[in-house]
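What follows is a set of notes on a single structure, which appears directly below.
The structure presented is a predicted model; accordingly, all values stated were derived computationally and were not measured. If you read the sequence from its start, that first residue is 1, and numbering goes on from there.
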Amino acid sequence: IQAEVLELLTDLQKRLGMAMIFITHDLNIVKRIAGRVIVMRRGAIIETGTVREIFAAPKQAYTKALLEAEPAGRKAPPAKNAPVMLEGRDVAVTYFLGGGWGSAAKEIKAVDHVSLRLREGQTIGIVGESGSGKSTLARALLRLAPSKGEIILEGKSISGLGRKAMRPLRGEVQIVLQVPFG
């Protein structure tokens, strides 16, 4: 979540005297925005306390495991010889809106000739404002949206594969789309 959104929520809470339940898996956000923390597991509350209490001295093993699992620092870059898992070359997605009865359809370039390479062990963050093409690019790379360009999965081109041919690969490659405040 962006710092501006956190600041806005905190400001609204103070100015309007509002209460807020903030549901997230991101412990850093909890630390920044919450006064109290409720830790749940399998539908039940297992620990509750102030942010300071929970983060400084968690009582439950599950809470301790959550805090220990929170990443710290920067992830090391993948090895230079790490295999390429997914590559998109000159990927483009274009939509046409309107048209008909003598008027031309409006061309919208949702993804405009993007190339990227994802190596084993690497994480790539795709960021941008709403409507910038992030989700469309992800769908195109997984052949969930029609696109132009070449898409290579583990060394094999999947660009021309149809639904039936893609079906066996769906269990191996999946998309996790953005979620607000996630």
If I compare all heavy atoms of [X] with all of [Y], which pair ends up nearest, and what's the gap?
{"X": "Ile151", "Y": "Ala140", "answer": "CD1-O, 3.0 Å"}
{"X": "Pro58", "Y": "Thr63", "answer": "CB-CG2, 3.6 Å"}
{"X": "Ala110", "Y": "Thr136", "answer": "CB-CG2, 3.9 Å"}

Between [X] (side chain) and [Y] (backbone), is there a donor-acceptor pair under 3.5 Å?
{"X": "Arg143", "Y": "Arg163", "value": "no"}
{"X": "Gln122", "Y": "Arg119", "value": "yes"}
{"X": "Glu47", "Y": "Lys59", "value": "yes"}
{"X": "Ser147", "Y": "Ala92", "value": "no"}

> Who pairs with Lys109 by side chain to side chain contact (heavy atoms under 4.5 Å, CB included), at least two apart in sequence or on another chain?
Replying inline: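 Checked Lys109 against side chain to side chain contact (heavy atoms under 4.5 Å, CB included); matches are Thr94, Glu107, Asp112.
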Taking the side chain as every heavy atom from C-beta outward, state whether [X] and [Y] have any pair of such atoms under 4.5 Å apart.
{"X": "Lys106", "Y": "Phe96", "result": "no"}
{"X": "Leu86", "Y": "Leu141", "result": "yes"}
{"X": "Val37", "Y": "Thr48", "result": "no"}

For the atom pair [atom1] ([X]) and [atom2] ([Y]), what is the distance rounded to the nearest 0.5 Å?
{"X": "Arg167", "Y": "Lys164", "atom1": "CZ", "atom2": "NZ", "value": "7.5 Å"}
{"X": "Glu7", "Y": "Ile33", "atom1": "CD", "atom2": "CD1", "value": "10.5 Å"}
{"X": "Ile152", "Y": "Arg89", "atom1": "CD1", "atom2": "CZ", "value": "3.5 Å"}
{"X": "Leu142", "Y": "Leu153", "atom1": "CG", "atom2": "CG", "value": "8.5 Å"}
{"X": "Lys156", "Y": "Leu161", "atom1": "NZ", "atom2": "CG", "value": "10.5 Å"}

> Would you call Glu87 and Arg117 a salt bridge, taking side-chain N to carboxylate O under 4.0 Å as the test?
Replying inline: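 Yes, this pair counts.
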Is there a path from [X] to [Y] through hydrophobic residues (I, L, V, M, F, W, Y) whose side chains come within less than 4.5 Å of each other?
{"X": "Met40", "Y": "Ile46", "value": "no"}
{"X": "Val84", "Y": "Val114", "value": "no"}
{"X": "Leu169", "Y": "Met85", "value": "no"}
{"X": "Ile108", "Y": "Val91", "value": "no"}
{"X": "Leu137", "Y": "Tyr95", "value": "yes"}

> Within a radius of less than 6.0 Å around CD1 of Ile38, do more than 12 heavy atoms belonging to other residues, nucleotides or ligands occur?
Replying inline: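 Result for CD1/Ile38: open.
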> How would you list, by chain and number, every residue that makes a salt bridge (Lys or Arg N to Asp or Glu O under 4.0 Å) with Arg52, sequence neighbours excluded?
Replying inline: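 With neighbours one apart ignored, the set is empty.
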> Is there a side-chain contact (heavy atoms from CB on, under 4.5 Å) between Ile158 and Met166 once you walk through the steps?
Replying inline: CA-CA 8 Å; Ile158 62 169; Met166 283 298 298; 4.1 Å; yes
